[in-house]
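For reference, the structure discussed in these notes is given below.
Keep in mind it's a predicted model, so treat the numbers as computed, not measured.
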Amino acid sequence: MRTFSMKYCLIIALLALCSDNNFAQQPAHAQKEDFSDDWAALSKYKNENAALPAPAVGEKRVVFLGSSIFEFWKQKDPKYFSSHPYIDRGISGQISPQLLIRFRQDVIDLKPAAVIILAGSNDISNDKGHVTNEGIMDHIKSMSELARLHNIKVILCKYLPVYEYPWNKSIKPAEKIVDLNNMIATYAKENNFTVLDYWTPLVNQRKGQKKELTIDGVHPNLAGYKIMQEVTEKAIDQALEKRK
């Protein structure tokens, strides 16, 4: 009886040991990384940037820095970017100070020949009464000065026309965008930067986007992007031909 009891205890002990070992070998559930402190979404393109080789000799790399207009462009027409040395660094919903925070990682460190900066509309659409065109221009100017410091040609965009935002119809952006575009054009002329005019070929009679060129009055459809492609190519050629 005692022998049976000892054997029984030994078996229980061995089973417990095996169970502990199996438990120890089970991988712990990885805790999901918290990006709530990454206000400018630097994490979005971090890995892509790390994997991107340096520009080849003679390569005219161009970075497209902006928000959803640029991010959706490479989704609707990926061939345009894959067939050119163009790097799309658009992040939907971003405002101009977020673009400024990303400028070193997503522009300077990629060593482009030129940068296209499209900023302002999200600032306006999210305005709670504190956004001014002067404030937007401050961020555009800072990005432009950083680019010039690093011998990157600057292409500043006249923003696409918007009559109203579907998600915030209380905002009336049309005239504010016109005023911002005039400020951008003036600043570009004063500093010998290239102006890329997305406003003129897309605008309708009420200073919104032509219905046949947009999906929601804010974002272009593929036909709209094809028109943007034409004026973009001309602006890139113009910028790269300029002397430093």
Show the numbers, then the answer: is there a side-chain contact (heavy atoms from CB on, under 4.5 Å) between Met143 and Leu99?
CA-CA 8 Å; Met143 288 186 277; Leu99 303 184; 3.8 Å; yes
Going through the distances and angles, do Thr194 and Leu156 end up as a side-chain contact (heavy atoms from CB on, under 4.5 Å)?
CA-CA 6 Å; Thr194 300; Leu156 298 180; over 6 Å; no
Go through Val62 and Lys153 one step at a time and tell me if the side-chain contact (heavy atoms from CB on, under 4.5 Å) criterion holds.
CA-CA 9 Å; Val62 180; Lys153 297 297 179 65; over 6 Å; no
Run the side-chain contact (heavy atoms from CB on, under 4.5 Å) check on Val63 and Lys111 step by step: do they pass?
CA-CA 9 Å; Val63 173; Lys111 303 186 183 305; over 6 Å; no
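One distance of note links OH of Tyr86 with NZ of Lys60; it measures 12.0 Å at 0.5 Å rounding. Note that NZ of Lys158 is 12.0 Å distant from CG of Leu202, once rounded to the nearest 0.5 Å. Here the straight-line distance linking atom NE2 of His150 with atom CG of Asp109 works out to 8.5 Å at 0.5 Å rounding. Here Gln229 contributes atom CD and Ile236 contributes atom CD1; the two are 9.5 Å apart, rounded to the nearest 0.5 Å. Atoms CG and CD1, on Leu65 and Ile116 in that order, are 10.0 Å from each other to the nearest 0.5 Å. Between Phe193 atom CZ and Arg148 atom CZ the span is 3.5 Å, to the nearest 0.5 Å.
Residues Ile215 and Met228 fall into different hydrophobic clusters, defined by Ile, Leu, Val, Met, Phe, Trp and Tyr side chains chained together at heavy-atom separations under 4.5 Å. Cluster membership for Leu149 and Val154, using ILVMFWY side-chain heavy atoms within less than 4.5 angstrom, is not shared. The hydrophobic clustering, which links ILVMFWY residues whose side-chain heavy atoms are closer than 4.5 Å, places Val115 and Tyr80 together. Note on Val107: it does not cluster hydrophobically with Trp39, by side-chain heavy-atom contacts below 4.5 Å among ILVMFWY residues. Residues Val131 and Ile101 are members of separate hydrophobic clusters, defined by side-chain heavy-atom contacts under 4.5 angstrom among Ile, Leu, Val, Met, Phe, Trp and Tyr.
Listed here is the closest heavy atom pair of Ser96 and Ala119: CB-CB, 4.2 Å. Pro166 approaches Val218 most closely through the heavy-atom pair CD-CG2, 3.7 Å. Here the closest non-hydrogen pair linking Cys157 and Ile184 is O-CD1, 3.4 Å. Shown here for Asn122 and Gly93, the closest heavy-atom pair between the two residues is ND2-C, 3.3 Å. Heavy atoms only, all atoms of each residue included: Gly90 and Tyr45 are closest at O-OH, 2.6 Å. When every heavy atom of Pro201 is checked against every heavy atom of Val231, the shortest pair comes out as CG-CG1, 4.4 Å.
Although no hydrogens or angles enter the test, the distance criterion places no donor-acceptor pair under 3.5 Å between the side chain of Glu59 and the main chain of Pro85. The backbone N or O of Ile136 sits nowhere less than 3.5 Å from a side-chain atom of Asp123 that would complete a donor-acceptor pair. Formation of a donor-acceptor pair under 3.5 Å by the Gln98 side chain with backbone atoms of Ile95 is found in this model. A donor-acceptor pair under 3.5 Å is absent between the side-chain atoms of Lys207 and the main chain of Gln205, judged by distance alone. Side chain of Asn204 to main chain of Arg206: a donor-acceptor pair is present (N/O by atom type, distance under 3.5 Å, no hydrogens or angles). Without hydrogens or angle criteria, Glu164 side chain to Lys169 main chain gives no donor-acceptor distance under 3.5 Å. Not one N or O on the side chain of Tyr187 forms a donor-acceptor pair closer than 3.5 Å with the backbone of Asn182. When atom types are taken as modelled, the side chain of Arg89 and the backbone of Phe103 share no donor-acceptor pair closer than 3.5 angstrom. Between the side chain of Asn133 and the backbone N or O of Asp179 there is no donor-acceptor pair closer than 3.5 Å. Ser82 places a side-chain N or O within 3.5 Å of a backbone atom of Lys79 that can act as its donor or acceptor partner.
By the 4.5 Å heavy-atom criterion applied to side chains, Leu118 and Ser67 are not counted as neighbours. Between Leu100 and Leu146, the closest side-chain pair of non-hydrogen atoms falls below 4.5 Å. Counting only heavy atoms from C-beta outward, the side chains of Tyr165 and Ile124 approach each other to under 4.5 Å. For the pair Pro220 and Ile69, the minimum side-chain heavy-atom distance is below 4.5 Å. Using a 4.5 Å cut-off on side-chain heavy atoms (C-beta onward), Leu110 and Ile87 make contact. Between Gln105 and Asn49 the shortest side-chain heavy-atom distance falls below 4.5 Å. Looking at heavy atoms from C-beta onward, Asp38 lies in side-chain contact with Ser43 at the 4.5 angstrom threshold. Counting only heavy atoms from C-beta outward, the side chains of Gln238 and Val195 never approach each other to under 4.5 Å.
Note on ring orientation: taking the six-membered ring where Trp is involved, the planes of Trp73 and Phe70 are tilted (angle from 30° to 60°).
Crowding of Lys172 atom NZ: a count of heavy atoms from other residues, nucleotides or ligands under 6.0 Å exceeding 12.
Using a 4.0 Å cut-off between charged side-chain N and carboxylate O, Glu71 and Lys44 make a salt bridge. By the 4.0 Å N-to-carboxylate-O rule, Lys210 lies too far from Glu212 to be salt-bridged with it. Ion pairing between Asp77 and Lys226 holds under the 4.0 Å rule for side-chain N and carboxylate O.
Under 3.5 Å, the side chains of His219 and Ser68 contain a donor-acceptor pair of N or O atoms. Between the side chains of Ser125 and Asn168, no donor-acceptor pair of N or O atoms lies under 3.5 Å. Checking Tyr198 against Thr232 by side-chain atom types alone, a donor-acceptor pair falls below 3.5 Å.
The aromatic ring centres of Tyr159 and Trp199 sit 6.0 Å or more apart. For Tyr225 and Phe72, the ring centers are positioned 6.0 Å apart or more.
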